[in-house]
K.L.:
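Here it is, the structure in full.
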Amino acid sequence: MSIDIAIIPVAGHGTRLLPLTKSQPKEMLPVGRKPVVQYVVEELARSGIRRQLFVTGPGKTAIENHFDENSELIQLLRTEGKEELLLELEFERHTMEYFYTRQRRQLGLGHAVLCARPLLDRQPFVVALGDSIIGLNAQSDIVRRMIDVFEGEGAAATIAFEEVPPREVSRYGIAQPKGDPVDVFELEDLVEKPSVADAPSNLAIAARYVCSPAVFTRLAETPPGAGGEIQLTDALRSLIRDGKRVMGVRLAAHEQRFDIGNFGSYFRAFTEFALADPDYGHLLREHLEGLLAKPSGDLGL
Ligand code: UTP
C-alpha cells in the first residue's frame, strides 16, 4: 500500500513572529488569499496524500475550525445568492480526512512527530511542516517524488532539500551527500547549522520528509538536543550512522520553499503570492513600482 498519511506539526509557539502569533497560530497567517496550512494540505492532496494528522497545541483551534465543514455558512451563501463564493470553500469538501492530536509540551519538532506514533501503527508516513509552503501557490509534487524514491530505493527516510545561498547555511540542517548531489542522492550525514567554512554543501532541509516507522523508534531514543528540544534531524542522523539508507530529493527551480517562520521570509512570501493574484496582482505591481520610484526618505526608511 502506498503512503497516504501525513503528520503536520503545528504546535510550535512561533515566537519569532510575536506579537502576530500571540493569540493566532502562525500556520493560519494569510499568504495572499489563503492561510499557510491550507496550501500545505492542497500540496499534499496533489501528491495523493488524503489523510492529514495535525499535531496541535495551545491556541491552535483556529486550524481545526478552518478544516471543519461549516454548513451554516454554506447555507447562508446559498440563500444570499452568493454561489460563486461557495467555490472558496471547496477545500472543506475535498475527499480528505483530518485527524488531530495534541503535543502537550512544546519539546521540539521531533517530539511533535513522536506524539503521532500511537495513531499511526507500523506504517510509513510523510511529515510536512505546517509553516512552510513549497512552490508558488503550492504548485509542487515533491512529496509524490519523495515517496517514489523512498519506495524505489527501500530507504529508511527521504528528505527534501533546497539549494540556499552559501552565506545562509548556518540557519539550516545541511546535507552531506554521498558523491555528487544530483536530483536524487544518498546522504552520508546531516549537519545542523554549520558555519559557512564547515558546510559540506549548500543543500538545506526543506520542510518535507518521508519516514519509515523506524524514525519513531529513533525519536523515542533521541535525547533532547539544542534548546532542550527533541530534534527530528538527530533521529535521522542516527539512522544514517547505523548504515540505513536515507535519501535526499532536491526541489526543482519552480519549487521554492516559502518559510512562514520569521518576518523577513513571511513578508517576501506574502508579496510574491499577492503579486501572482489573478485579480489584484497587476494593481499591486503598479502600486509597488510607484512606491519604489520614490526616494527612500519618503518611505520612512
Ligand atoms: P519551528 O522550528 O519554526 O518552531 O517549527 P516554532 O516553535 O513554531 O517557532 P519559533 O522558533 O518559536 O519562532 C516548525 C514547525 O514545527 C512545529 C511548528 O508549529 C511549525 O509548524 N512545531 C515546532 C511543533 O509542532 N512543535 C514544537 O515543539 C516545535
Side-chain angles (χ1 to χ4, degrees), residues 6-31 34-44 52-64 66-67 98-120 125-134 138 143 159-162 164 168 170-174 190 192-193 204-209 211 215-216 219-220 222-236 257-269:
I7 299 173
I8 309 182
V10 292
H13 290 302
T15 51
R16 285 169 296 158
L17 289 171
L18 281 169
L20 205 52
T21 47
K22 179 155 183 288
S23 64
Q24 64 182 330
K26 69 172 159 180
E27 296 82 3
M28 284 300 292
L29 292 178
V31 177
K34 299 175 189 173
V36 181
V37 75
Q38 188 178 332
Y39 291 108
V40 175
V41 165
E42 288 175 355
E43 175 213 318
L44 290 168
Q52 324 291 353
L53 171 53
F54 291 94
V55 181
T56 76
K60 302 283 180 161
T61 42
I63 296 173
E64 291 160 61
H66 189 70
F67 290 104
Y98 301 106
F99 308 92
Y100 302 90
T101 189
R102 304 263 296 189
Q103 184 184 24
R104 294 168 66 205
R105 288 175 67 201
Q106 279 54 64
L107 297 177
L109 173 61
H111 179 256
V113 172
L114 196 52
C115 290
R117 185 185 199 180
L119 304 166
L120 249 64
F125 55 92
V126 172
V127 175
L129 302 198
D131 67 350
S132 287
I133 305 167
I134 306 294
V143 168
I159 308 170
F161 286 95
E162 179 183 42
V164 297
E168 289 181 13
S170 57
R171 296 182 1 208
Y172 300 97
I174 298 293
L190 290 163
E192 199 51 60
K193 302 188 171 72
I205 297 181
R208 300 291 181 265
Y209 310 79
C211 302
V215 173
F216 284 140
L219 280 170
T222 302
E229 297 191 335
I230 295 175
Q231 305 291 349
L232 183 54
T233 310
D234 289 342
L236 296 166
R257 171 193 180 182
F258 294 96
D259 170 14
I260 317 302
N262 63 73
F263 281 113
S265 52
Y266 174 46
F267 291 165
R268 277 199 298 277

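In this chain, numbering begins with 1 at the start of the sequence shown. We count ligands from 1, going down the list as the structure has it; atoms in each ligand are counted the same way. Given the structure is predicted, the values throughout are model-derived calculations rather than measurements.
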K.L.:
Looking only at heavy atoms, is any part of L107 under 4.0 Å from ligand 1, and if so is it the side chain, the backbone, or both, or is it neither?
P.N.:
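The answer is the backbone.
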
K.L.:
Can you tell me which residue and heavy atom of the protein come closest to atom 25 (O) of ligand 1, and the distance to 0.1 Å?
P.N.:
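Here the nearest protein heavy atom works out to A11 N, 2.8 Å.
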
K.L.:
Would you say the side chains of Q103 and H111 form a donor-acceptor pair under 3.5 Å?
P.N.:
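Present: a donor and an acceptor within the cut-off.
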
K.L.:
G108 to ligand 1: N or O pair under 3.5 Å?
P.N.:
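The answer is yes, given that G108 and ligand 1 share an N or O pair closer than 3.5 Å.
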
K.L.:
Which residue holds the protein heavy atom closest to atom 22 (N) of ligand 1, what is that atom called, and what is the gap in Å?
P.N.:
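Answer for atom 22 (N) of ligand 1: G12 N, 3.5 Å.
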
K.L.:
To which protein heavy atom is atom 7 (O) of ligand 1 closest, and what is the distance rounded to 0.1 Å?
P.N.:
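Answer for atom 7 (O) of ligand 1: H13 N, 3.3 Å.
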
K.L.:
For the aromatic rings, using the six-membered ring if either is Trp, is the centroid distance between F216 and F125 under 6.0 Å?
P.N.:
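Yes, close enough.
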
K.L.:
Report yes if L129 has an N/O atom closer than 3.5 Å to an N/O atom of ligand 1; otherwise report no.
P.N.:
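Among all N and O atoms of L129, none is under 3.5 Å from an N or O of ligand 1.
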
K.L.:
Which residue owns the protein heavy atom closest to atom 3 (O) of ligand 1, what's the atom, and how far is it?
P.N.:
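Atom 3 (O) of ligand 1 sits closest to the protein heavy atom R16 NH2, 2.7 Å.
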
K.L.:
Which protein non-hydrogen atom lies closest to atom 14 (C) of ligand 1, naming both residue and atom, and how far is it?
P.N.:
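Atom 14 (C) of ligand 1 sits closest to the protein heavy atom D131 OD2, 3.6 Å.
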
K.L.:
Under 3.5 Å, N or O to N or O, is V55 touching ligand 1 that way?
P.N.:
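No, V55 has no N/O under 3.5 Å of an N/O on ligand 1.
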
K.L.:
Who passes side-chain hydrogen bond (donor to acceptor under 3.5 Å, both in side chains) against Q106, sequence neighbours left out?
P.N.:
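Partners of Q106 by the side-chain hydrogen bond (donor to acceptor under 3.5 Å, both in side chains) criterion come out as none, since no residue qualifies.
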
K.L.:
Would H111 count as a contact of ligand 1 if the rule is a heavy atom under 4.0 Å away?
P.N.:
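No, H111 has no heavy atoms under 4.0 Å from ligand 1.
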
K.L.:
Got the closest protein heavy atom to atom 17 (C) of ligand 1, with its distance?
P.N.:
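Nearest neighbour among protein heavy atoms for atom 17 (C) of ligand 1, to 0.1 Å: P9 O, 3.7 Å.
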
K.L.:
What do we get for A112 next to ligand 1 when only non-hydrogen atoms under 4.0 Å count, side chain, backbone, both or neither?
P.N.:
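For A112, the contact with ligand 1 is made by the side chain alone.
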
K.L.:
Test: side chain to side chain donor-acceptor pair (under 3.5 Å). Region: residues 18-30. Which pairs qualify, not counting sequence neighbours?
P.N.:
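Found K26-D131, E27-K60.
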
K.L.:
Test your reading of the model: is there a side-chain donor-acceptor pair from E162 to the backbone of R257, 3.5 Å cut-off?
P.N.:
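Pair found, side chain donor or acceptor close to backbone of R257.
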
K.L.:
Which heavy atom of the protein is the closest neighbour of atom 16 (O) of ligand 1, given with residue, atom name and distance?
P.N.:
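Checked against all protein heavy atoms, atom 16 (O) of ligand 1 sits closest to L109 CD1, 3.8 Å.
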
K.L.:
Can you tell me which residue and heavy atom of the protein come closest to atom 12 (O) of ligand 1, and the distance to 0.1 Å?
P.N.:
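Ranking protein heavy atoms by distance from atom 12 (O) of ligand 1, first comes T15 OG1, 2.6 Å.
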
K.L.:
For Q103, is at least one N or O under 3.5 Å away from an N or O on ligand 1?
P.N.:
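Between Q103 and ligand 1, an N or O pair is found under 3.5 Å apart.
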
K.L.:
Once you restrict to heavy atoms under 4.0 Å, what part of K26 touches ligand 1? Side chain, backbone, both or neither.
P.N.:
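Within the 4.0 Å criterion, K26 contacts ligand 1 through side-chain atoms alone.
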
K.L.:
Where on E229 is there a heavy atom closer than 4.0 Å to ligand 1, on the side chain, on the backbone, on both, or on neither?
P.N.:
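E229 to ligand 1: no contact under 4.0 Å from either part.
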
K.L.:
Checking the side chain of Y172 only, and the main-chain atoms of V164 only, is there a donor and an acceptor separated by less than 3.5 Å?
P.N.:
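Checking the backbone N and O of V164 against the side chain of Y172, no donor-acceptor pair under 3.5 Å is found.
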
